[in-house]
Amino acid sequence: MIQPAPLLQMRGIGKYFPGVVALAGVDLTVRASEIHALLGENGAGKSTLIKVLTGVYQMDDGQILLDGKSIRPTTPKAAEEAGISTVYQEVNLIPALSVAENIGLGRQPGKLGFLNWRALRRHAREVLARLDLQNIDVDAELGSLSVAMQQMVAIARSLDMKAKLLILDEPTASLDEKEVADLFGVMRRLRDEGLGIIFVTHFLDQVYAITDRITVLRNGALVGEYRTAELPRLQLVSRMLGREVHDNAPRSPDLIAADESAPRIVEAKGITRRNAIAPVDLTLRKGDITGLAGLLGSGRTETARLIFGIDRRDGGELLVRGKPVEIKSPRDAVKHGFAFCSEDRKIEGILPNLSVRENLIFALQAKRGAWKTLSREEQMSLCNHYISALRIKTANTETPIRNLSGGNQQKVLLARWLATQPELIILDEPTRGIDIGARAEIEQLIHKLRAEGIAVMLISSEIEEIVRNSTRVVILRERRKTGEVMGDAIEPSRLMRAMAGGHEST
């Protein structure tokens, strides 16, 4: 069978930022009448490649061909004019305008400065009808529609702009099953009409349900291009994570088996949030390290955010030491003895312009309240204790935390929460972006917390880190809990198979 000529060819794309190689000679080929998945974990380079293609970033190396012609989009508008259109998870249209106005934005029919409203509405209905979306009211304010319907309007606008290539960037992240099915129906219709579609997603079930081919990136480089039907799920996960299935990852020698008789610090019973995580049961015990394993988008962080009260749950129940509680905010969580080190250290963790001392005492002061301020003497005593105990490398307590290395910033955040004397500490990607030595020290601290009887929830995208440091592991996939293993059953191959899901032949 003769393959059609490529619609899009990105050849040897390179993009560099100060001290960072974001893309290193990446290739991407998309044909007309195909849905092409672009996959990879955090930091793989997917977003950077899309931004190069759509003119947000300028490539430093390489060539882009669209329909055989060389292009170099310098702005998103230039990319749209070339025939490349993007629909994001957060629709970038104008919520206060009507559906018809958004579809025709910049191309409204009219004469002598007067808008022809009748023609605008008629044209919008015709465009929507091509996608079998006659049920959308073209006079409705876009912001009044569901996220799913707003995405459909964005796709209709792309179609009206004569797009040749449609990029769907995480379009299903906020949709329910019916809305996903409706979107897939539209995608198949567009594919049959000859469009090329790039589908960026973290949901493997959706990849195998809708796509024709897959390109995998990792650490800014191309791993490979595959026909979807010919790539088993387990192999796909291996390529995304950069490791083959084997069981030689050593477990820490001081790890003991999970103690089922240990006191239950926190029990989550069927906690759920619409379009974030399906009902999940979870028990966090004293002196247990419960690892949460799963690919990006599996629901690991979402589960942690529900437990800590950052997001409000739609259903389910939380018990703390056997008693039902309402955790409506992080402040409530802290009062119940919870602590949470976020995965985004720079955005949700450190206060960069404040000192090590001010960062370290922040959570304890918040727990005590505005009327029970820590004296300067108490602050200095706490800081000196944790700087010594955690071996934090800093010139002094007044050094701005932004001047510390990533590993030492992470230690300050751990010290911040340890100062509150928590019974549960949630660690979301605690070793991301730090050097090997600091990583080993953080892992030693995690084991010390377990030995002191603190319940630890460990979230990591590194399977070896989960294997080394967990007494039990909960596996999440496609926003659902799919299994739980303990002790010697915590093996990389077992975890990867559970994360991949499906049948080995698919």
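This is a predicted model, so every value here is computed, not measured.
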Please check: side-chain N/O of Asp311 versus main-chain N/O of Leu306, any donor-acceptor pairing under 3.5 Å? no
When rounded to the nearest 0.5 Å, the distance separating CG of Asp169 from NZ of Lys51 is 9.0 Å
By ring-ring contact (aromatic ring centres under 6.0 Å, His included) - contacts of Phe340 (at least two apart): Phe308
Between Asp182 and Lys178 (salt bridge meaning N to carboxylate O under 4.0 Å), is one present in this structure? yes
Between Leu458 and Ser470, the two heavy atoms sitting closest are CD2-OG, 4.3 Å
Of all the heavy-atom pairs spanning Thr283 and Thr290, show the shortest one and how long it is. O-OG1, 4.2 Å
Indicate the atoms forming the closest heavy-atom contact of Leu39 with Ile214, along with that distance. CD1-CG2, 3.7 Å
Return the minimal non-hydrogen interatomic distance between Glu465 and Ser460, and the atom names on each side. OE1-OG, 2.6 Å
Please give me the minimum heavy-atom distance between Glu429 and Gln410, naming the atom from each residue. O-NE2, 4.4 Å
Asp205/Arg477 salt bridge by N-O under 4.0 Å criterion: yes
Does one side chain, of Thr228 or Thr211, offer a donor that lies under 3.5 Å from an acceptor on the other? yes
List the steps and the verdict of salt bridge (charged side-chain N to carboxylate O under 4.0 Å, His left out) for Glu326 and Arg312. CA-CA 10 Å; Glu326 279 299 321; Arg312 295 290 297 274; 5.2 Å; no
Verify, without hydrogens or angle tests, whether Lys46 (side chain) and Val200 (backbone) share a donor-acceptor contact under 3.5 angstrom. no
Go through Glu464 and Arg468 one step at a time and tell me if the salt bridge (charged side-chain N to carboxylate O under 4.0 Å, His left out) criterion holds. CA-CA 6 Å; Glu464 287 85 353; Arg468 279 196 306 271; 6.0 Å; no
Cation-pi check, Arg233 to Tyr208: give yes when NZ or CZ is under 6.0 Å from the six-membered ring centre and within 45° of the ring axis, no otherwise. yes
Any side-chain donor near an acceptor of the partner, Thr471 and Asp288, under 3.5 Å: yes
N-O pairing of Glu177 and Arg480 below 4.0 Å: yes
Heavy-atom check, side chain of Val21 versus side chain of Lys15, under 4.5 Å: no
Do any N or O atoms from the side chain of Arg157 and from the backbone of Asn102 form a donor-acceptor pair under 3.5 angstrom? yes
Can you name the residues that form a salt bridge (Lys or Arg N to Asp or Glu O under 4.0 Å) with Glu267, not counting sequence neighbours? Arg264
Has the side chain of Arg218 got a donor or acceptor atom that lies under 3.5 Å from a matching backbone atom of Arg239? yes
Test salt bridge (charged side-chain N to carboxylate O under 4.0 Å, His left out) applied to Lys481 and Asp281, step by step: CA-CA 8 Å; Lys481 177 181 175 181; Asp281 296 335; over 6 Å; no
Any donor and acceptor pair, going by atom type alone, linking the side chain of Asp314 with main-chain N or O of Arg274 inside 3.5 Å? yes
Looking at every heavy atom in both Leu23 and Ile13, which two are closest together, and how far apart are they? CB-O, 3.7 Å
May I ask you to decide whether Glu34 forms a salt bridge with Arg213, counting only side-chain N to carboxylate O separations under 4.0 Å? yes
Working to the nearest 0.5 Å, report the span between CG of Leu168 and CD of Gln151. 8.0 Å
Salt bridge Arg189-Glu193, side-chain N to carboxylate O under 4.0 Å: no
Side-chain donor-acceptor contact under 3.5 Å, Ser98 with Glu101: yes
Donor-acceptor pair between Gln206 and Thr172 side chains, under 3.5 angstrom: yes
Show your working on side chain to side chain donor-acceptor pair (under 3.5 Å) between Glu478 and Ser298 and close with a plain yes or no. CA-CA 5 Å; Glu478 311 285 345; Ser298 61; over 6 Å; no
Ile463 CD1 to Leu495 CG distance, which is reported to the nearest 0.5 Å: 6.0 Å
Test item: Ser146 side-chain N/O and Met149 main-chain N/O as donor-acceptor pair under 3.5 Å: yes
Side chain to side chain donor-acceptor pair (under 3.5 Å) between Ser342 and Asp428: does it pass, once the steps are laid out? CA-CA 5 Å; Ser342 165; Asp428 195 352; 5.7 Å; no
Test your reading of the model: is there a side-chain donor-acceptor pair from Arg72 to the backbone of Met59, 3.5 Å cut-off? yes
